[in-house]
Structure formats: C-alpha cells, structure tokens
Amino acid sequence: MSFIRRKGSDKGFSEPQAVSSLTAAIHTIAAYDRANEVLVAATSSTSIEDVAGVFVKAVTSSNTEAQVQEIVDGDVYVADTTNNSNANHNMHRMVLTDSTTVNNTGTDSTSDAAIVQQVAPLGAASAKKILCKFVRVQDRA
C-alpha cells in the first residue's frame, strides 16, 4: 500500500522529472538526488528538504521521467509501518525504513531524517498501518 493520501486537497502532479535506472512502485516516496539532478527512491536517511513527493505511477528502469504528487502541509496519509501500530506513538516523529515503509520504533525521533509524524494507528495493531502527516519544517537548533 505504501503512502496513500487520505485527507487533503489534490494539487495535481509535478511536471515530469528525470529519473535514471530507477525502479519504484506507485505510492512510494520520491526524493531529489541533487548531485545527479534526478529523482530517486527515498531512504532511511532522506530529510524532508529532499522529499519530492509520492510517485503517481510505477517507474521501471527503462523510464527516463516520472511524476510525483507533491506533499501539501496538513495532508494525512495512510502508511505501512515496520512494527505493529500503537496509539502511544501518536505525535511521534519517525524516519522511513525505505521509500515504502515508516520505521515506528516507539520513540520520538529528533533526527533530520524524521520526516513523518504519526496522527493515529489505523486498524488492528498487527495490520501495521498508521495515519501520518509529513513534517514540513525541521527545527535545526
């Protein structure tokens, strides 16, 4: 399932952006590779400044361009998690495990890579799904 917007307004898609030898599924997080001027799949070290959006179509290694749905402040997404969901994690900031999954460790992360904040668990704990918002501003103090 990855990242599917549950609440928010549709702002459309980005202009097509370059990719190179990338394979990514629909609804996964895209990041900017600024050194090579292409989109890549987000990783556990991706900071919010590098998040381009959510891929709107699957990308194969033969594609040279891809489009993303840009993330708007306040939008709520359904996301898959590494561990069982838990209401005690509400308001925790979390890093990604990879471009498809949130790493919900049970502690609030202050890392620059903490790019989502849990709003609520979704369904049974064992379903490993949460509602989350993207952290749009980092406190660099």
Side-chain angles (χ1 to χ4, degrees), residues 1-140:
M1 179 184 238
S2 306
F3 291 83
I4 297 177
R5 191 178 59 215
R6 181 77 171 266
K7 179 181 174 188
S9 57
D10 187 1
K11 301 293 184 188
F13 307 135
S14 70
E15 293 295 320
Q17 298 178 55
V19 295
S20 178
S21 300
L22 174 66
T23 300
I26 187 171
H27 302 300
T28 60
I29 303 300
Y32 296 112
D33 174 348
R34 297 181 197 283
N36 295 302
E37 300 176 2
V38 295
L39 293 178
V40 295
T43 68
S44 61
S45 61
T46 298
S47 67
I48 196 61
E49 292 90 349
D50 290 328
V51 172
V54 179
F55 285 110
V56 296
K57 291 182 182 177
V59 181
T60 66
S61 60
S62 63
N63 290 115
T64 59
E65 294 182 328
Q67 284 185 294
V68 298
Q69 183 177 58
E70 295 176 356
I71 295 166
V72 178
D73 193 29
D75 285 357
V76 175
Y77 287 80
V78 174
D80 294 323
T81 59
T82 303
N83 302 302
N84 286 354
S85 60
N86 186 324
N88 291 333
H89 301 171
N90 289 352
M91 305 308 290
H92 285 190
R93 293 165 291 181
M94 303 171 180
V95 301
L96 299 177
T97 303
D98 53 32
S99 65
T100 66
T101 311
V102 173
N103 189 359
N104 57 331
T105 61
T107 59
D108 179 46
S109 175
T110 58
S111 161
D112 288 346
I115 65 171
V116 298
Q117 182 176 25
Q118 179 173 309
V119 174
L122 185 64
S126 61
K128 299 182 180 181
K129 296 200 181 302
I130 62 170
L131 296 175
C132 63
K133 293 181 181 181
F134 282 84
V135 175
R136 299 305 296 160
V137 177
Q138 290 286 4
D139 179 4
R140 304 279 187 215

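Just so you know, these numbers come straight off a predicted model, no measurement behind them.
In this structure, Met94 CE and Asp108 CG are separated by 8.5 Å, a value rounded to the nearest 0.5 Å. In this structure, the separation between CG on Asp50 and CZ on Arg34 is 4.5 Å, given to the nearest 0.5 Å. Between the NZ atom of Lys128 and the CG atom of Asn84 there is a distance of 5.5 Å, given to the nearest 0.5 Å. Going from atom OG of Ser21 over to atom CG of Asn63 covers 10.5 Å, rounded to the nearest 0.5 Å. The structure places OG1 of Thr28 at 11.5 Å from CG of Asp80, a figure rounded to the nearest 0.5 Å. Atoms CG and CD, on Leu131 and Gln117 in that order, are 12.5 Å from each other to the nearest 0.5 Å.
Residues Thr100 and Asp98 have side chains that bring a donor and an acceptor to within less than 3.5 angstrom of each other.
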List the steps, then state whether side-chain contact (heavy atoms from CB on, under 4.5 Å) holds for Asn103 with Asn83. CA-CA 7 Å; Asn103 189 359; Asn83 302 302; 4.1 Å; yes

Audit row: Ile26, Lys57, side-chain contact (heavy atoms from CB on, under 4.5 Å) steps and yes/no: CA-CA 5 Å; Ile26 187 171; Lys57 291 182 182 177; 5.5 Å; no

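Residue pairs satisfying the ring pair (Phe, Tyr, Trp, His ring centres under 6.0 Å) criterion with at least one member in residues 40-60, sequence neighbours excluded, are absent. Screening residues 56-87 for ring pair (Phe, Tyr, Trp, His ring centres under 6.0 Å) gives Tyr77-Phe134 as the qualifying pairs, with residues at least two apart or on separate chains.
Counting all heavy atoms, side chain and backbone alike, Phe3 lies closest to Cys132 at CE2-SG, 4.4 Å. Nearest heavy-atom pair across Ser85 and Lys129 is CB-O, 3.4 Å. Across every non-hydrogen atom of Glu65 and Pro16, the tightest pair is OE1-CB, 3.5 Å. For the pair Phe13 and Gln67, the tightest heavy-atom approach, listed with the atom from each and the gap, is CB-NE2, 4.0 Å. Nearest approach of Val59 to Leu22, heavy atoms of both residues: CG1-O, 3.5 Å. In plain terms, the two heavy atoms of His92 and Thr107 that are nearest each other are ND1-C, 3.6 Å.
Asn90 meets the side-chain contact (heavy atoms from CB on, under 4.5 Å) test with Ala87, Gln118, Ala120, Pro121; sequence neighbours excluded.
Here the options are Asp73, Ile71, Val76, Asp75, the test is side-chain contact (heavy atoms from CB on, under 4.5 Å), and the partner is Lys133; only Val76 passes. Between Thr97 and the choices Thr43, Thr82, Asn104, the side-chain hydrogen bond (donor to acceptor under 3.5 Å, both in side chains) rule is met once, by Thr82.
Asn86 has its side chain out of reach of Ile130: every pair of non-hydrogen atoms, C-beta onward, lies at least 4.5 Å apart. Taking the side chain as every heavy atom from C-beta outward, Ile29 and Thr46 never approach each other to under 4.5 Å.
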